[in-house]
Novice: 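First, the structure itself, so that you have it in front of you.
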Protein chains: 4
Amino acid sequence: MVGRTRKQRPSNTQYAIRRNEIVDQAAELFARNGYAATGIREIGDAAQLARGALYYYINSKEALLEEIHDRVMDPLLEEARKIKALECSPSARLRMISEVLLRAIIERRDHVWVFLHEYRSLTGQRRVNFKRKRAVFEKIVGDLLAEGVDEGEFEIDDPPMTSLAFLGMHHYTYQWVQRHPDMDPKIVSDIYCGIFFDGIRVGRDKKAGS
Amino acid sequence: MVGRTRKQRPSNTQYAIRRNEIVDQAAELFARNGYAATGIREIGDAAQLARGALYYYINSKEALLEEIHDRVMDPLLEEARKIKALECSPSARLRMISEVLLRAIIERRDHVWVFLHEYRSLTGQRRVNFKRKRAVFEKIVGDLLAEGVDEGEFEIDDPPMTSLAFLGMHHYTYQWVQRHPDMDPKIVSDIYCGIFFDGIRVGRDKKAGS
Amino acid sequence: MVGRTRKQRPSNTQYAIRRNEIVDQAAELFARNGYAATGIREIGDAAQLARGALYYYINSKEALLEEIHDRVMDPLLEEARKIKALECSPSARLRMISEVLLRAIIERRDHVWVFLHEYRSLTGQRRVNFKRKRAVFEKIVGDLLAEGVDEGEFEIDDPPMTSLAFLGMHHYTYQWVQRHPDMDPKIVSDIYCGIFFDGIRVGRDKKAGS
Amino acid sequence: MVGRTRKQRPSNTQYAIRRNEIVDQAAELFARNGYAATGIREIGDAAQLARGALYYYINSKEALLEEIHDRVMDPLLEEARKIKALECSPSARLRMISEVLLRAIIERRDHVWVFLHEYRSLTGQRRVNFKRKRAVFEKIVGDLLAEGVDEGEFEIDDPPMTSLAFLGMHHYTYQWVQRHPDMDPKIVSDIYCGIFFDGIRVGRDKKAGS
DNA sequence: AATGAATGAGGCTTCATTCAT
DNA sequence: TATGAATGAAGCCTCATTCAT
């Protein structure tokens, strides 16, 4: 009731390390079996921690979910922002973003699975926050495509949908990357961007499949 | 064999209609709130049926989930098979498949959401069955791309990944179609295929974004 | 999330009866062992109901607590209001309130124990609501004492504290009534009021114990 | 015998001081939020002690509760015994007891709240012990009232209940004293006793409220 | 064709307590 | 002296499902 003290976390290093492990293990479980289907007990088992002890490290199952979201989304967003601010051509910057995104999807596949697949399990403010971050990321991609058009690199009929196509092609990778874990992000990025940028390049000779 | 019928189902028409409604309502709920987060009670409420009565129409929650999967996947697969057998060019057939797929994703968006997003909630044999169907569908796309290469329409570096890129771009549509419900599948298909086929067309002038 | 349907209660009579029993049994347990110390399982056991089945009848443990509060407090308040509006002398009306209150304390001793002893276990709005009711009741007593002074029946040095003394003497009865369950409320009331009104009567000869 | 000491306690002064603080803080928390609702962690927080460290000072939560009981109950009982043995009139001695009791209720309100309100959280022997002490205290009051009757000071219809009325009026004070923390025990005592003794005085003119 | 009532397993979380350091 | 880490039982509650009516 009055001044109910919130659990305060040790700033200890050992604590931080253990905590990290737990979040990683949870991400793996969530990615493999789904957030809702994964019980706190399973997370405890994976961490070799009794039910109660787990709560020494986490605040709640959903807080854990949020952390998994943020741990990859935040740096990703940060990188995307920096890339956007670079001086090179829009297509070059999009390639960088493509690679950065695919690197996350491939190398942090559990975390990314979680935030691409389970973000609806976030509720309330947590959900709002996360959706905002994703919107920012997507806007960066949309802006770069628009720049490419302005600067005469691309020729695009329907910009919003093209943006979604670009993102979709990349994002959906999380679905099959679990089965092909040793992909090289750079190579995948080159393939995607090769197809995509050839497909929207100014002056391309439109005729295929018509 | 799973799916042993424990109850004899009436072949009555009225029964079938009611049943249909229930499956539709369940699909909507699963798509909106997630399979795990949707309770049997909610489905009953939506169908204006008490908990008990619901079980007159369904065998179990998971059987319901399976049915939602099959109701759209089966016809889709059937169509894809027929298209594959047509005489026209690979790119033309891929465009047809693209459109058929997007039509399902857009017009039956609840069902498709469920089977693209929640298929991991299927267990045991049900899961195996469904994964097989998806594999068949994906193989058709892969085969058509290969045909396109053989027949000199396409030039592709990494066929499997290109196939996944094509599918990913399409599939991921289910994520944003909820927010843009009145898209025209044909138009979306044209955009996707326009980009994609231009991007893999033989003789294209590879240079964008170098 | 969206339109989550609140459990709606059958208006069935059988249901109401069973429900009543459950509330009574819970009141007894709360009175005997305390609200916090009484587990949902114990309530279920007392009602011969499995854990889950209990929730068919109640919304939550705290809702149960609230109901126990209201079931006796509301009629009591109603009666007190009516008595206050009567035409007879303040002391006569206070005697009526005394008797009504003691009847509740003695005959519904479990419920009264709960609301005199456990009201702090109510939280949020429930607590506010209940405190308001108690304040109304206490104000009625205070008003009647004031009327008695105005009309020349009583002579009181410190009205607020006298009011509290009157209420305290009555309320505290709940503490020992468990050990003397067959008291007659009328008799107890006469004793309390006899002492109290003699003790504050105008023209009394103040000297005892000085 | 309960209370087997499992740890050897330092007789150190510093230790005793710290311990005292802890008990005081616990009493405050128990009084404010209830014994069951107060966690060991909160007590630790209040004492600025980690959970583990707390157990250096206390044996268990319930032992703490017991100590709070005894810390005020024991001296109170002692005083009551001494007062009873004095030579003055029963009413005078009752007034002293009234004042002593009210002084405890008002000045040590946290401790008193705990032992008037939470004594049922004591279990086993601890509970027996405490109930015995309370019975002794109550017997002293009963005996003095009886003496008053014998010596012609009081005229009482139902001695046991009159005794309970006297105690109830006093005890219940703990309920509202939290909201009026700066009462003067002497004044409250005078009001209570004024009413009460006038109300039971021999030769009083019984008629009020008839 | 439908229902109300019941089940019991399991959900997430908090608790008082211990113990090696 | 004090602590951080761990425990496991118990807390309240929801779930999919069944079955007599």
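In what follows, chains carry the letters A, B, and so on, assigned in the order in which the sequence lines appear, proteins first and then strands, with residues in each chain numbered from 1. Since the model is a prediction, treat every value here as computed from it, not as a measurement.
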Novice: Where the side chain of D:Lys61 is defined as all heavy atoms beyond and including C-beta, which of E:dA16, F:dG8, F:dC12 is the nearest nucleotide?
Specialist: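 Among the listed nucleotides, the one closest to the side chain of D:Lys61 is E:dA16.
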Novice: Kindly point out which of E:dA9, F:dA9, E:dT17 is positioned nearest to the side chain of C:Arg51?
Specialist: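 Out of E:dA9, F:dA9, E:dT17, the nucleotide with an atom closest to C:Arg51's side chain is E:dA9.
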Novice: Rounding to an integer number of Å, can you tell me how far A:Ile43 CD1 sits from E:dG11 P?
Specialist: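 So the two atoms are 11 Å apart, to the nearest Å.
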Novice: How long is the line joining CG of A:Asp45 and P of E:dG11, in whole Å?
Specialist: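 Result: 11 Å.
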Novice: Whole angstroms only, please: what is the CD-P distance between D:Glu62 and E:dC15?
Specialist: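 These atoms are roughly 18 Å apart.
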Novice: Taking for each residue the nucleotide of DNA chain F bearing the nearest heavy atom, is the 5' side occupied by D:Arg18 or by A:Leu49?
Specialist: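 Closest to the 5' end, via its nearest nucleotide, is D:Arg18.
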Novice: With a 3.5 Å limit on both atom pairs, tell me what F:dT21 is paired to, counting Watson-Crick and G-U wobble, or say none.
Specialist: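 E:dA2 - that is the nucleotide pairing with F:dT21, both distances being under 3.5 Å.
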Novice: If you measure only the distance, is there a donor-acceptor pair under 3.5 Å linking the side chains of C:Arg71 and C:Asn20?
Specialist: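 Indeed, the side chains of C:Arg71 and C:Asn20 share at least one donor-acceptor pair under 3.5 Å.
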Novice: Check whether any side-chain heavy atom of A:Leu65 sits under 4.5 Å from a side-chain heavy atom of A:Lys61, and report yes or no.
Specialist: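 They are not in contact (no side-chain heavy atoms under 4.5 Å apart), so the answer is no.
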Novice: What nucleotide, of E:dT7, E:dT13, E:dG11, holds the atom closest to the side chain of A:Arg41?
Specialist: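 The answer is E:dG11.
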Novice: Does F:dG8 have a Watson-Crick or wobble partner in any strand here, with both distances under 3.5 angstrom, and which is it?
Specialist: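 Pairing partner, where one exists within any strand: E:dC15.
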Novice: Just wondering, more than 12 heavy atoms not from B:Gln48 lying within 6.0 Å of its CD?
Specialist: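 Open.
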Novice: Give a yes or no answer on whether the side chain of D:Lys133 reaches the backbone of D:Asp70 with a donor-acceptor pair at less than 3.5 Å.
Specialist: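 Not confirmed, D:Lys133 side chain does not pair with D:Asp70 backbone.
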Novice: Between P on E:dG11 and OH on A:Tyr55, what's the gap in Å once rounded to a whole number?
Specialist: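 Roughly 11 Å, once rounded to whole Å.
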Novice: Could you say whether D:Ala53 or B:Tyr15 is positioned toward the 5' end of DNA chain E, judged by the nucleotide with the nearest heavy atom to each?
Specialist: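 Its nearest nucleotide lies further toward 5', so the answer is B:Tyr15.
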Novice: If only side-chain N and O atoms of B:Asn12 are considered, is one of them under 4.0 Å from the OP1 or OP2 phosphate oxygen of E:dA1?
Specialist: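 Answer is yes, contact under 4.0 Å.
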Novice: Would you mind reading off the distance between C:Ile58 atom CD1 and F:dT14 atom C1', rounded to a whole angstrom?
Specialist: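 Roughly 13 Å, once rounded to whole Å.
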Novice: Using a heavy-atom cut-off of under 4.0 Å over every strand shown, decide if C:Gly39 touches base, sugar-phosphate, or nothing.
Specialist: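 The residue C:Gly39 makes sugar-phosphate contact but no base contact.
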Novice: Please give, in whole Å, the distance from F:dC15 P to B:Leu54 CG?
Specialist: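 Distance check: B:Leu54 CG to F:dC15 P gives 14 Å.
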Novice: For A:Ala50 and for D:Ala50, locate the closest nucleotide of DNA chain F by heavy-atom distance; then report the residue assigned to the nucleotide nearer the 5' terminus.
Specialist: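 Between the two, 5'-proximity favours D:Ala50.
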Novice: I'd like to know if the side chain of B:Arg120 and the backbone of A:Ala31 have a donor-acceptor N/O pair within less than 3.5 Å.
Specialist: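 Answer holds: yes.
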Novice: Can you check the B:Arg19 CZ to E:dA1 P distance for me, whole Å?
Specialist: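 Nearest whole value for this atom pair: 13 Å.
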Novice: Using 30° and 60° as the class limits, which term best fits the ring planes of D:Tyr15 and D:Tyr57: parallel, tilted or perpendicular?
Specialist: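 Because their plane-to-plane angle is under 30°, the rings of D:Tyr15 and D:Tyr57 count as parallel.
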Novice: Considering only E:dT13, F:dA16, F:dT1, which nucleotide approaches the side chain of D:Tyr57 most closely?
Specialist: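 The answer is F:dT1.
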Novice: Relative to the 5' end of DNA chain E, which residue comes earlier, A:Ala37 or B:Gly52, by the nucleotide with the nearest heavy atom?
Specialist: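 Result: B:Gly52.
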Novice: Touch check for D:Ile40, heavy atoms < 4.0 angstrom, all strands: base, sugar-phosphate only, or nothing?
Specialist: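 If one applies the 4.0 Å heavy-atom cut-off, D:Ile40 turns out to touch a base.
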Novice: Taking only side-chain nitrogens and oxygens of D:Tyr56, does any of them come within less than 4.0 Å of OP1 or OP2 of F:dT3?
Specialist: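 Checking D:Tyr56 against F:dT3: no side-chain N or O falls below 4.0 Å of OP1 or OP2.
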Novice: Return the value, rounded to whole Å, for the distance between atom CG of D:Asn33 and atom C1' of E:dC15.
Specialist: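 The distance from CG of D:Asn33 to C1' of E:dC15 comes to 16 Å, rounded to the nearest Å.
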